[in-house]
Amino acid sequence: MKMKAAVIREMGLEQPYEKSRPMQIEEVDLAPPGEREVLVQIKAASLCHSDLSTVNGDRPRQTPMVLGHEAAGVVVECGPGVNDIKPGDHVALVFAPSCGECIPCREGHPGRCEPGQQSNAAGTLLGGTIRLSQNSEPVYHHVGVSAFAEYCVVNRGSLVKIDEKLPFDEAALFGCAVLTGVGAALNTAQVFPGATVAVVGLGGVGLNAVFGALVGGASQVIAIDVHDDKLELAKIWARLAPSMQKTTTQFNRSRT
Ligand SMILES: [Zn+2]
Ligand SMILES: [Zn+2]
């Protein structure tokens with residue numbers, strides 16, 4: 001199918017980007033989903049700093065590429081071997097694909113999936129396929145997602161089914177900022193009830209680490225940043241903390 005997507009061809013262009021325009025809206029081809037792949041209509045996609053790190057060249061990737069990895073949408077079509085989701089399901093797209101079969105996946109660390117990291121580095125979907133093209137030349141996938149587009153084809157291991165009541169623009173954040181920040185607090189730091197936690201840097205990931213620390217039951221969270229407006233955002237999280245107690249209880253119960 002033909003669709004519109006934001007394509008980057010050259011990294012490290014001069015700022016301001018509104019003048020150098022590192023991404024252009026172009027027509028590209030999207031192949032149908034193959035084995036264990038899913039076609040998703042993108043409903044919301046946010047701009048993560050990892051997208052900017054590719055735009056400014058700090059984190060070089062293959063080009064041409066369609067960026068965008070923090071997104072949510074609706075399943076349109078499932079390829080062979082996808083039996084646990086169906087067209088119409090709402091999904092959050094995830095920047096860390098997981099195969100479910102490698103050692104880190106089997107040990108409960110899907111974020112460290114080895115084939116997932118290899119395919120992300122290669123600019124392909126998990127499994128090595130490329131479904132984006134233009135004039136029969138490949139257009140690379142950004143961390144298995146490529147969400148700055150009308151549609152995307154992703155591996156089944158790059159999406160999570162979500163509650164349909166969750167607005168798409170909020171669900172999108174779960175694919176990167178929430179996953180990374182809350183995961184850092186609950187899984188990596190293993191915040192426990194009563195813990196004291198310091199979070200340095202309050203961007204999308206840091207604020208979600210604050211959120212994760214509160215959900216984990218931390219009694220004191222010290223949020224650190226040089227920007228006053230971000231500290232204010234962290235205080236808003238803290239004020240929400242009492243209303244999170246119910247969530248915390250439910251969460252802890254579901255973990256045990
Ligand atoms: Zn991101
Ligand atoms: Zn794996």
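FYI, the numbering just counts along the sequence from 1. In listed order, ligands and their atoms are each counted from 1. This structure is a prediction, so every number in the text was calculated from the model and none was measured.
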- Inspect the surroundings of CD in Gln24 and state if more than 12 heavy atoms from other residues, nucleotides or ligands are less than 6.0 Å away. yes

- Between SG of Cys105 and SG of Cys102, what angle is found at the Zn ion (ligand 2), rounded to 10 degrees? 110°

- Message: Checking Ser46 against Glu70: is there a side-chain donor and acceptor pair closer than 3.5 Å?
- Response: yes

- Report the angle formed at the Zn ion (ligand 1) by atom NE2 of His69 and atom SG of Cys176, rounding to the nearest 10°.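 The two atoms subtend 120° at the Zn ion (ligand 1).
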
- Query: Taking 2.8 Å as the cut-off, does an N/O/S atom of Cys48 lie below it from the Zn ion (ligand 1)?
  - Reply: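 Yes, within the cut-off.
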
- Side-chain ion pair, Asp84 and Arg156, N-O less than 4.0 Å: yes

- Message: Using a 3.5 Å distance criterion without hydrogens, assess whether the side chain of Ser53 forms a donor-acceptor pair with backbone atoms of Arg59.
- Response: no

